[in-house]
Student: 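Supplied in structure tokens, the structure appears directly below.
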Amino acid sequence: MPSPDLIAPDRLEELLGGVLPEGEREARLQGLVRELRTDAPAAPAPLRARVRALEEAPRRRRAALPRRRTALALAFVLLALAAIGAGIVFGGGGASDDDEAAPAEGRDVGAVDVGGAEEAQAPSALPQARTTLELKNIFSAAGEPARDAIAPLSPRGRATDVDLWVELRLADAEELSGAAGEAMSITRELGGWVAASDIDTQGREGAAELALRIPVGRVQDAVVRLSELGTITSQRVEAQDLQAGIDSRDRRIERLERSNRALELRLESGTLTPEQELSVRLQLERQRNAIADLRRANLTDRREAATSELTLLLHTREAAAREEKDEGGAAGAARDALDFLAGAGAVALFLAIVLSPILLLVVLLWLALRSRTRRIETRLLERSGPAAPPSTPRA
Amino acid sequence: MKTVNSLAPPLTRRAPLRRSFAAAAEEHLDDVHRYLLMLTADPTLAEDLTAETFEKALRSWRRYDPRRSSERTWLCRIGRNVALDHFRSESRRRRREERHAGEVAGSEVAPPELGFSPELEAALRTLSAGEREVLALRIVLDLDADAAARVLGVGRSACSMRLARALGKLEERMAADALA
């Protein structure tokens, strides 16, 4: 509340602008203003020289970033963190159970006791190269990418166990039954066989699981033809190299055969005591059994590598929902746009929820700091007021 | 009929041109010195603070944006911060001295002259630094209300009110001195 003696700020502005004064007080004020303006001293020459010399002095480079840039960088970091958080929350982890690669399983052919320490090493300890590919919805209708994906997994000349899982969605149970039958006939056409089948239908819904064995050379054709039976919802290809194990077992067989020949020669020499002869015969027998086991293991692996196991999963889940979604034209585009907007809205909402308390806190902090600074400044200016301290030489 | 000169370059909004620091310093040195002289009421201190202000201004000349404020306003803001820093350290120093040495004996040193008439100087010395500051900005430097408010970091009306109070007080002291 201005005191009655205080001149109104608007009138004061007019007087400062040069309006003719009304009354003695206004005239005195104008005179005061004139005196302050005209008598204010100019900067002394030594000061002018000091300021001129400033630019000639070498500049000190500041290492610190400007405050605004730092704030901007901080804001970007906050936004990035919030976006990552949104990704984690709304992405739901992303990976499904199918994403996990099957644990590498050893092909154990059983411990073979062949007498010698080095021969007792179990074949299961051999390195087994296993590769898993998760190819979710990347197979086109023509199946070309599938062909490309499987080819490097079963290189020619190497025994490889290739397992495939293909999941297809079909419109209804009737279509599912038809597709299951068709899959079986395709398998037989390609020289394979159905190892197991489980078809379950209830009304319009249904599911089927077929375990198909396909000759390794026809796997690519099988995938292409089977993929055409329905809409692919998920696929996985897993390949395990069996050749390393086979090669290792072959080498061991060779060593055992050499050892057997030596033992046979010792027997034929007739220099052995009856106890020694018995011991050698027992060792010979054990090594022959080990050779037989190793050959069986190799045979099993080669048979395994000759065909691939293709698990075909058929289902009618989400078919109805998908049909609605697959509507084309303007309606489909509108639905896609709405879906996108809903996603973007969810992310924006998340960001707002996460960032708003931080922003509020920052604003409150800033206001508090500003108010504190003002109070301190006012106090300082009041304190260094009427009793202005005598000048202290500054460094 | 409207004719268009296709060879003429398109008209674009340009940012105000930036001068060299030396030119800006030369032009505004007096103003900044007057402002700091009024604020501190001490010519020697005002000189030191002015030199420090221009030193700081030179260091941040790269970041000066002519679109946001005039050179004079920008320099006065720097000057104000420099002066406030000085007052702050001075206040700390005084507190320290009082704590360690008890009461400091008041020295009877005549206040240095500011360059105004003795009556005006005496009246000015009765004002607080904050009051002298607003007089310096609005009257001595003749800044408009908005620019002065920006330097002080307050609203326009608060700035006008401060000016009215300071000028009223000054006039009152002068009148009282004249009667005496």
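Note on naming: letters A, B, ... go to the chains in the order of the sequence lines (proteins, then strands), and numbering restarts at 1 for each one.
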Student: What part of B:Leu170 lies closer than 4.5 angstrom to a heavy atom of chain A: side chain, backbone, both or neither?
Tutor: both
Student: May I ask you to name which of B:Asp144, B:Leu135, B:Asp142, B:Leu37 has the most heavy-atom pairs under 4.5 Å with chain A?
Tutor: B:Asp142
Student: On a heavy-atom basis, which atom in A:Arg25 and which in B:Gly168 lie closest, and how many Å separate them?
Tutor: NH2-CA, 4.1 Å
Student: Could you list the donor-acceptor pairs under 3.5 angstrom formed by side chains in residues 71-79 of chain A, with sequence neighbours left out?
Tutor:
none

Student: What verdict does the side chain to side chain contact (heavy atoms under 4.5 Å, CB included) test give for A:Arg48 and B:Asp30, after you've listed the backbone C-alpha separation in whole Å, the side-chain angles of each residue and the deciding distance to 0.1 Å?
Tutor: CA-CA 9 Å; A:Arg48 198 168 289 279; B:Asp30 285 339; 2.7 Å; yes
Student: Heavy-atom distances under 4.5 Å only: say whether B:Ser117 touches chain A with side chain, backbone, both or neither.
Tutor: both
Student: Among B:Leu141, B:Leu84, B:Leu163, which has the most heavy-atom pairs under 4.5 Å with chain A?
Tutor: B:Leu84
Student: Quick check for you: to the nearest 0.5 Å, what is the distance between B:Thr50 atom OG1 and A:Arg50 atom CZ?
Tutor: 8.5 Å
Student: Applying a criterion of heavy atom separation less than 4.5 Å, what residues of residues 360-374 of chain A form contacts with chain B?
Tutor: A:Arg374
Student: Which members of residues 32-44 of chain A, sorted by number, sit under 4.5 angstrom from chain B on a heavy-atom basis?
Tutor: A:Leu32, A:Val33, A:Glu35, A:Leu36, A:Arg37, A:Asp39, A:Ala40, A:Pro41, A:Ala42, A:Ala43, A:Pro44
Student: Could you grab the distance from atom CZ of A:Arg379 to atom CZ of B:Arg88, nearest 0.5 Å is fine?
Tutor: 10.5 Å
Student: Measuring from atom CG of A:Leu16 to atom CG of B:Leu167, what distance do you get when rounded to the nearest 0.5 angstrom?
Tutor: 7.0 Å
Student: Any chance you could measure B:Ser89, atom OG, to A:Leu380, atom CG, to the nearest 0.5 Å?
Tutor: 9.5 Å
Student: Counting heavy-atom pairs under 4.5 Å with chain A, which one of B:Met38, B:Glu133, B:Glu131, B:Arg80 comes out on top?
Tutor: B:Arg80
Student: Could you tell me which residues satisfy side-chain contact (heavy atoms from CB on, under 4.5 Å) with A:Glu24, sequence neighbours excluded, listed by chain and number?
Tutor: A:Arg28
Student: Any side-chain heavy-atom pair from A:Glu26 and B:Glu171 closer than 4.5 angstrom?
Tutor: no
Student: What I'd like to find out is whether the side chain of A:Val51 reaches to under 4.5 Å of the side chain of B:Leu58, using heavy atoms alone.
Tutor: no
Student: Relative to chain A, which segment of B:Ala83 carries a heavy atom at a distance below 4.5 Å: side chain, backbone, both, or neither?
Tutor: neither
